[in-house]
Amino acid sequence: MKAKNPSLLFVTSVVVALITLYFSTGSTLVLVILPLYLAQLVLQGRLPRDSALIWGGRLFVYASCAILGKAPVQAYIFFGYQAFITMGLILGGELVLQSFREPPEGFKFDPLQLLVSSLLFLIGCGTFAQMGQLAHLWICAPLWVCLTLLAASDVREDQKPLSLMSRLRQFGLLAITACVGFLAHSTLSNNRGALMNMASRLLSDSRPSVSEVGVADSPSLQSSFNTEASTARLLRIEGSLSDSHLRAAAFELYKNGTWGLPLSTRNIDAANPTDTRELKQSQMSAAEIKRDPEKANQQRTDWDAKITVLRDTNKTMFAPLNSSALLPIPLQGSSSFDWNRYAGPLQVSDPAPLSYGIVESHTDVQGVQTEQGPLCFSLDPKSLNSDIQKNPDYFKQLDFIATARANLVEVPEEIDPGVKQLALQITRGARTQHDKIEAVSTYLLKNYKYSLDFVRGTQDPVSDFLLNKKSAHCQYFASATVILLREIGVPARYATGYWAHETAADGTTVVRGRDAHAWAEAYVDGTGWITVESTPPSGRADPTANPLTWYQQMQEKIEDTWTRIRNWFGNLSSLQIAGIMLGVLGIWGLERWRQARKRARNAPKKPQPPLELQPLARGFEAALRKRGITLLDGQTWSEAVPGEWQQGQEFIEVYNAARFAPRDEAQLHDLTDKLRSIQKSKN
């Protein structure tokens, strides 16, 4: 089949893309593809669009590229250099095949080639070359973009040729665009240091990652604390919590300013519903459980507060120490938690956002929560079932309690002896454990100051803080509290997490990265674990003193709006969703009907041919469209069909004679034969 005149602009753009691929990959096979592609300018023949040779050639080219296009180096990171080169060669071979394929009727070349050429050039720009070998991109990139844009306007065969001035104007506009892009690039490159600093300041207020201080693997007493505090929201709390300390984990081993065991070394087991009191049986009497055992094994749905994790927190969940029950809300299919039963952390594998419920303990004695929940473990041997038959692990549990209590009162050798003297002095006159804990906390609050900076010396940091510096951040206050309590025999441990205190406009409580905090937890015989806060109030983030920037407030409003929309759709029933879909389809159908009626009213009234001639008329008009002939409103066939198309003129003459005069079967057969001849003809 005779070839149409190809678009020289598009051919040149493909040549630029192939040259780019060659310089980026160094594959000599590209130099074979290039002359094959240019052969279309010399060879006149073209294959039909549905030719089997095209598919056979495609299989051959793809296989050849995969076999011959070997990469000169090994795989790079996760994307192999071999795959990089092979994909570029396959796209180049596809363009060669397309160049010898008959384009669609009315087109100089198949518009699909624009997409293939773009992908080829994109791979050519994704080079593995070193920075000093990228000079070709500075020339090829703007040249390819300009040529492709100009060729895109030349894709149709009936496109009117542009005058010299119009073409010069196009080149001028593209040249101006390229110059503006070059100047913008130069400006950004010359000022990239200042721009990156400004961007880092903006992004530091909304980093999505959780603060390393709030969920540290092994907390270490540093000179500064949370210096790059993020204002990004991590948690949202609906409801109320009597304890604002959202605990991530507790640490009991102290050595040289570092707390352990590290979270990464702890055993994390699945938390059973009975362990976390998630089941309704915890609210039911024995008689009710016996009467309805199925209900007893259902998950509870009541809570005092619902905590929603908004951003990634390294799988860590947060809950107050006095939580009497932890209730997973299976938004993403979660049914329970994974945890370290005795010191944390509490984890789930589902990605944010997700929610879980907190049920608080409500039994107050001397201002302390006495109902110990799943985050606590008893150090009282009397709490164990001593019946060996019912509790075969009794001695193992007894040994665990003894070991845990010993660890929780251990004071490392590096602690200065003056710390013990200070602890005895602080608690002189205090009789009960509650009194001693209160005395230590009050002493630190009154006599020590909060500071973000602490210059560590060669001495143990806790001893240095208590005896010398007397000014530091919450890590030191929490560590000092633990060590002072241990010096007087009160079991204590170091806890990390977040302090929830910021109230949002909608009444919820918001926790941000800057709310990372550390505090102490102490064990009181007869009561259990309690939270001990010794850090001065000035050591906790104040949202009124450090308000959010306007752009972050706007960002959070957008996030909240999207969350409300998503939750609204998520809470719809199947019947409601079906109703909404039917409503949307109904509105769409009515609009289509209205547009159809409007087009029908505005359409010119064209007389319809006799019934037996209508199939012939539709077939002839389809043949006209196939040849790129468009019938305008009110235009007759004779006006639209070129005079040199003899077949078309003959069909029109016989058709008009059959339409406007008596006709017989011979005329209909003659028209049918002429239409078939037109449909089979390629000229």
- Query: Is a donor on one side and an acceptor on the other found under 3.5 Å between the side chain of Lys449 and the backbone of Ser471?
  - Reply: no

- Message: Could you report the tightest heavy-atom contact between Tyr450 and His473, atom names first, then the distance?
- Response: CE1-CA, 3.5 Å

- Student check: side-chain heavy atoms of Tyr498 and Leu234 closer than 4.5 Å: yes

- Item | Closest non-hydrogen atom pair between Leu279 and Ala296, with its separation | CB-O, 3.5 Å

- Message: Quick one: does any side-chain atom of Asn340 pair with a main-chain N or O of Asn267 as donor and acceptor, under 3.5 Å?
- Response: yes

- Query: Do you know which two heavy atoms are closest between Gln281 and Thr274, and how far apart they sit?
  - Reply: OE1-CG2, 4.2 Å

- Item | salt bridge (charged side-chain N to carboxylate O under 4.0 Å, His left out) partners for Arg486, two or more places apart | none

- Mind listing the closest non-hydrogen atom pair of Leu263 and Ala216 along with its distance? CD1-O, 3.5 Å

- Any side-chain heavy-atom pair of Asp312 and Asn314 under 4.5 Å: yes

- Query: Is the NZ or CZ atom of Arg266 positioned over Phe251's six-membered ring, under 6.0 angstrom from the centre and within 45° of the axis?
  - Reply: yes

- Are Thr301 and Gln299 linked by a side-chain donor-acceptor pair shorter than 3.5 Å? no

- Answer yes or no: are there more than 12 heavy-atom neighbours, outside Lys315 itself, under 6.0 Å from its atom NZ? no

- Please work out whether the ring planes of Phe400 and Tyr342 are parallel, tilted or perpendicular, with thresholds of 30° and 60°. tilted

- Task: Can you sort out the partners of Glu252 under salt bridge (charged side-chain N to carboxylate O under 4.0 Å, His left out), two or more places apart, ordered by chain and number?
- Result: none

- Task: For residues Leu484 and Ile426, determine if any side-chain heavy atom of one lies less than 4.5 Å from a side-chain heavy atom of the other.
- Result: yes

- Item | Ser441 side-chain N/O to Glu438 backbone N/O, donor-acceptor pair under 3.5 Å | no

- Quick one: does Thr308's side chain have a donor or acceptor within less than 3.5 Å of a partner on Ser355's backbone? no

- Message: Ignoring hydrogens, what is the shortest heavy-atom contact between Pro374 and Asp275? Give both atom names and the distance.
- Response: CB-O, 3.4 Å

- Spatial distance of atom CD1 (Ile530) from atom CG (Leu321) [nearest 0.5 Å]: 9.0 Å

- Are the aromatic rings of Tyr448 and Tyr476 close, with centres under 6.0 Å apart? no

- Message: Please check this pair: side chain of Arg431 against backbone of Lys436, looking for a donor-acceptor N/O pair closer than 3.5 Å.
- Response: no

- Task: Please determine which of Met284, Glu278, Arg277 meets the side-chain contact (heavy atoms from CB on, under 4.5 Å) test together with Lys280.
- Result: Met284

- CD1 of Ile358 to CE of Met317, rounded to nearest 0.5 Å, is 8.5 Å

- Query: Can you name the residues that form a side chain to side chain donor-acceptor pair (under 3.5 Å) with Gln283, not counting sequence neighbours?
  - Reply: Arg300, Asp302

- Query: Can you check side-chain contact (heavy atoms from CB on, under 4.5 Å) on Glu521 and Arg247, steps first, answer last?
  - Reply: CA-CA 10 Å; Glu521 293 176 350; Arg247 179 182 186 273; 2.7 Å; yes

- Task: Take Asp416 and Asp460, measure what side-chain contact (heavy atoms from CB on, under 4.5 Å) needs, and give me the verdict at the end.
- Result: CA-CA 8 Å; Asp416 192 293; Asp460 170 71; over 6 Å; no

- Query: Got a donor-acceptor contact below 3.5 angstrom from the His434 side chain to the Val524 backbone?
  - Reply: no

- Find out whether His517 and His501 are in side-chain contact, i.e. whether some heavy atom of one side chain is under 4.5 Å from a heavy atom of the other. no

- Message: Under the rule for salt bridge (charged side-chain N to carboxylate O under 4.0 Å, His left out), what residues qualify as partners of Asp525, not counting sequence neighbours?
- Response: Arg405

- Query: Would you say the side-chain atoms of Ser383 and Asp380 include a donor-acceptor pair closer than 3.5 Å?
  - Reply: no

- Side chain to side chain, Asn447 and Lys470, heavy atoms closer than 4.5 Å: no

- Item | Those residues that, when tested against Tyr356, pass ring-ring contact (aromatic ring centres under 6.0 Å, His included) (two or more places apart) | none

- Message: Could you check whether Asn322 and Ser361, counting side-chain N and O atoms only, form a donor-acceptor pair closer than 3.5 Å?
- Response: no

- Message: For the backbone of Pro412 and the side chain of Glu410, can you confirm whether one donor and one acceptor N or O come within less than 3.5 Å of each other?
- Response: no

- Query: Can you find a heavy atom in the side chain of Glu360 that is under 4.5 Å from one in the side chain of Leu241?
  - Reply: yes

- Item | Expected output: side-chain Asn385 to main-chain Asp387 donor-acceptor under 3.5 Å | yes

- If the plane angle is over 60° it's perpendicular, under 30° parallel, otherwise tilted; pick one for Phe377 and Trp529. tilted

- Flag, side chain of Asp217 to backbone of Ser264, donor-acceptor distance under 3.5 Å: yes

- Message: I'd like to know if the side chain of Asp506 pairs up with that of Thr508 as donor and acceptor (distance under 3.5 Å, no hydrogens or angles considered).
- Response: yes

- Are the side chains of Phe395 and Ile388 in touch, meaning some heavy atoms are under 4.5 Å apart? yes

- Message: Taking ring pair (Phe, Tyr, Trp, His ring centres under 6.0 Å) as the criterion, tell me which of Tyr494, Phe465, Phe454 meets it with Phe477.
- Response: Phe465

- Note on the structure: On a heavy-atom basis, the closest approach of Pro320 and Leu375 is O-CD1, 3.3 Å

- Message: Tell me if a side-chain donor or acceptor on Ser218 pairs with a main-chain N or O of Trp259 at a distance below 3.5 Å.
- Response: yes

- Return the set of residues passing salt bridge (charged side-chain N to carboxylate O under 4.0 Å, His left out) with Lys295 (not counting sequence neighbours), or none when no residue passes. none

